[in-house]
Each structure stands twice: as structure tokens, then as C-alpha cells.
Amino acid sequence: MSKQLFFEPYEGDHYKEGIRGKKILVLGASFYCNRVECPFFASCTSVILKDSSEFDHKCPEYKQAGKQLHLEPSYCVEDAPTTYQRFATYMGKYLGTDDYDTIWEHMAFTNYVQFFLPATNGSFRETSWSDLSERDFAAFTEVVQQLRPDIIIVWGSVINSALKERNPYLVSLKELQETEYYVCHLNVPGVNHPVAVINPYHPSSSAWYSDMEKFDHYFINLLKH
């Protein structure tokens with residue numbers, strides 16, 4: 001774990017085999033904590049400090065379960081929340097299976113923001129632009145250098161600007177414009193091939209289902225090249 005990268009990405013056992021020969025990294029926005037009674041809550045989820053690493057081994061809930069905060073990407077996939085099941089169900093057609101575990105074993109996953117965001121009312125809290133930092137982009141770069149994906153599937157829109165229009169590794173703004181800001185490629189230092197980024201709606205959104213024809217069109221093209 002580097003100073004920039006806190007969350008160690010989940011990497012499925014068959015990630016390198018990928019989907020139709022392409023290594024797929026799924027990138028969400030944030031992890032959340034709603035344990036307001038925890039003595040570390042205010043510091044661990046501080047949107048000013050933006051750093052949960054001090055509590056990696058201290059979090060009472062994780063410690064009791066024999067877990068560590070930085071491995072949350074793997075725990076989240078293993079816990080199979082509805083959003084992850086919905087996404088796997090859709091991706092299964094590209095692997096010819098509907099088995100949740102098998103599908104995720106062929107992909108990698110992490111979130112962009114490198115600390116736990118507070119969810120004080122116990123419900124979903126959307127990630128905002130102010131939650132992001134330069135550290136997150138540096139960590140994203142490290143993940144790409146570590147996993148060397150062929151395709152990154154970005155859930156939702158909150159990190160769009162950081163990953164596309166403002167990304168110094170962007171190959172072509174024209175490609176973004178021609179694909180309705182849906183697809184672009186990145187030349188990331190240390191990775192010897194262009195990395196495709198495709199950005200459908202978030203699987204937890206009702207708009208996810210309305211976007212499937214467009215996603216299939218662009219995703220199939222990326223799988224072919």
C-alpha cells in the first residue's frame with residue numbers, strides 16, 4: 001500500500017484472462033461509513049482530512065471481524081450488494097454464465113476516492129466534486145499501473161471530469177466528443193498500451209437500464225479491438 005493508494009483493489013482469480021481476452025477494471029466512486037457511534041467516525045470520514053488510513057487496524061467493527069479497511073474493495077464484492085449483483089447479471093452475457101462469483105472472478109474492482117465518506121443518516125450519500133483530491137488521481141494512476149487493464153468501466157458521472165476531460169493522459173478529446181463523451185483512451189505512464197475508459201450510468205440508477213443499448217454498442221467495439 002503506497003502513501004497515495006489506500007484501498008487495495010479487488011482482483012479476481014481470472015482477471016488476467018479477462019472477458020473475451022480483455023482485462024476489465026470496474027471503477028466506482030466512493031465507500032461510505034454510517035457508524036456515527038464509532039469514536040473514530042469524525043476523523044475517519046473527515047471530508048477535510050480525506051484520510052482513513054490511520055484507522056486501518058483500529059476500526060472496531062472491522063477489527064472484530066478480523067478485517068482491515070484497505071481491503072474493502074474485496075469485501076464489497078464478496079458481500080454481493082444489489083448494485084454488484086445487477087452489474088454482474090448484465091456482464092454475465094459476455095462470459096456465458098449467470099454465476100455471480102464466476103463473473104466477478106474475471107474482473108477487478110475499486111473505488112476512486114481514497115477514504116470513507118460519511119453517511120450520517122444511514123442512507124446513500126452521493127459523492128461530490130469537493131470530496132475528490134489530487135491524491136485520488138495519483139492512486140487511480142497507481143491502480144492502472146498495477147493492474148494494466150485494457151478497459152475501465154466507470155460507474156456513474158461524479159468522477160467523469162477527473163478521468164476524462166481533465167485527465168493529462170487523455171489521448172484524444174475528439175474521440176470523447178464523437179462518442180457522446182462515452183468512450184476515451186488514456187496513455188498512462190508505465191502501461192504499454194492505451195487504456196479504454198467507458199462510462200455507462202451507475203448500476204444503482206434507474207437510468208442504467210435505459211442505457212444498455214449504447215453501452216453494448218461501445219463495449220462490444222472495445223472488446224473487438
Side-chain angles (χ1 to χ4, degrees), residues 7 9-10 15 18-20 22-31 73 76-77 81 83-94 103-104 106-114 117 124 126-133 136-145 147-188 191 193-225:
F7 292 115
Y10 160 83
Y15 167 72
I19 295 178
R20 300 187 185 179
K22 300 292 187 180
K23 298 190 294 294
I24 309 293
L25 168 63
V26 181
L27 185 68
S30 305
F31 293 114
C76 210
V77 172
T83 295
Y84 293 68
Q85 292 182 42
R86 183 179 295 171
F87 181 75
T89 296
Y90 194 81
M91 295 299 291
K93 68 182 183 180
Y94 293 106
I103 296 164
W104 274 107
H106 285 78
M107 298 186 289
F109 168 78
T110 194
N111 272 332
Y112 184 76
V113 176
Q114 293 298 302
L117 289 177
F124 178 75
E126 290 190 0
T127 309
S128 65
W129 181 255
S130 62
D131 295 323
L132 311 185
S133 69
D136 301 325
F137 184 77
F140 164 76
T141 301
E142 289 183 29
V143 168
V144 175
Q145 291 169 335
L147 296 177
R148 301 176 183 270
D150 297 298
I151 302 171
I152 301 174
I153 301 176
V154 179
W155 286 354
S157 60
V158 70
I159 56 179
N160 267 351
S161 183
L163 291 184
K164 296 194 292 190
E165 297 102 311
R166 301 189 184 188
N167 195 320
Y169 309 138
L170 181 67
V171 173
S172 170
L173 180 60
K174 183 179 179 182
E175 180 186 26
L176 263 179
Q177 295 168 339
E178 290 178 345
T179 59
E180 306 167 85
Y181 283 78
Y182 210 84
V183 176
C184 68
H185 283 78
L186 309 177
N187 279 331
V188 178
V191 181
H193 61 268
V195 179
V197 175
I198 183 170
N199 182 208
Y201 284 104
H202 199 287
S204 66
S205 166
S206 59
W208 163 257
Y209 294 105
S210 66
D211 198 44
M212 289 299 90
E213 186 175 346
K214 183 185 292 185
F215 176 78
D216 282 336
H217 169 73
Y218 288 120
F219 187 59
I220 290 170
N221 282 340
L222 293 177
L223 290 176
K224 288 179 179 177
H225 297 94

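Being a predicted model, the structure only gives us computed values, none of them experimental. Hydrogens, waters and symmetry mates are skipped; everything else that's a heavy atom, side chains included, is used.
Heavy-atom minimum distance, K164 versus C184: CG-SG, 3.8 Å. Nearest heavy atoms, L186 versus L163: CD2-O, 3.9 Å. Heavy-atom minimum distance, C76 versus P81: O-CD, 3.1 Å.
When atom types are taken as modelled, the side chain of D131 and the backbone of S128 share a donor-acceptor pair closer than 3.5 angstrom. Listed for the D150 side chain is no donor-acceptor partner under 3.5 Å among the backbone atoms of I24. Side-chain N or O atoms of K23 include none that pairs as donor or acceptor with a backbone N or O of L147 at under 3.5 Å. Proximity of a side-chain donor or acceptor of N111 to a complementary backbone N or O of V113 within less than 3.5 Å is not detected. In this structure a side-chain-to-backbone donor-acceptor pair under 3.5 Å is missing from N187 to V171. In terms of modelled atom types and a separation under 3.5 Å, the side chain of H193 and the main chain of P149 share a donor-acceptor contact.
Side-chain atoms of Y169 and V191, non-hydrogen and from C-beta on, never get closer than 4.5 Å to each other. Side-chain contact between V143 and Y112 is absent, with no heavy-atom pair separated by less than 4.5 Å. H202 places none of its side-chain heavy atoms less than 4.5 Å from the side chain of V158. Side-chain contact between V77 and M107 is absent, with no heavy-atom pair separated by less than 4.5 Å. The side-chain heavy atoms of N160 and Y181, taken from C-beta on, include no pair separated by under 4.5 Å. Put simply, the side chain of K22 does not reach to within 4.5 Å of the side chain of L222, judged on heavy atoms. The shortest distance between side-chain heavy atoms of I151 and L223 falls below 4.5 Å.
Interatomic distance, T89 OG1 to I103 CD1, rounded to the nearest 0.5 Å: 6.5 Å. Atom-to-atom distance recorded for N199:CG and Y201:OH is 9.5 Å, nearest 0.5 angstrom. Of the inter-residue distances, the one linking Q145 atom CD with F140 atom CZ reads 10.0 Å to the nearest 0.5 angstrom. With rounding to the nearest 0.5 Å, the separation of CD1 in I198 from NE2 in H217 is 9.5 Å. Here CD of E126 is found 8.0 Å from OG of S157. Values are rounded to the nearest 0.5 Å.
Take Y182 and apply the side chain to side chain donor-acceptor pair (under 3.5 Å) test, not counting sequence neighbours, and it matches D211. Remark: E180 engages K214, Y218 in a side-chain contact (heavy atoms from CB on, under 4.5 Å) (not counting sequence neighbours). H185 pairs by the ring pair (Phe, Tyr, Trp, His ring centres under 6.0 Å) definition with nothing, not counting sequence neighbours.
Few gaps surround CD on Q177; more than 12 heavy atoms of other groups in view lie less than 6.0 Å from it. For OH of Y94, the number of neighbouring non-hydrogen atoms (other residues, nucleotides, ligands) closer than 6.0 Å is greater than 12.
In this pair, F215 and F219 present their aromatic rings parallel. The plane angle is below 30°, not in the 30 to 60° band.
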* Step by step, would you call V197 with N167 a side-chain contact (heavy atoms from CB on, under 4.5 Å)? -> CA-CA 11 Å; V197 175; N167 195 320; over 6 Å; no
* Yes or no on side-chain contact (heavy atoms from CB on, under 4.5 Å) for M91 and V26, after CA distance, side-chain angles and deciding distance? -> CA-CA 11 Å; M91 295 299 291; V26 181; over 6 Å; no
* **Pair I159-L27, side-chain contact (heavy atoms from CB on, under 4.5 Å): steps then yes or no** => CA-CA 10 Å; I159 56 179; L27 185 68; 3.9 Å; yes
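When each of Y10, F87, Y84, F7 is checked for a ring pair (Phe, Tyr, Trp, His ring centres under 6.0 Å) with F109, only Y84 meets the rule.
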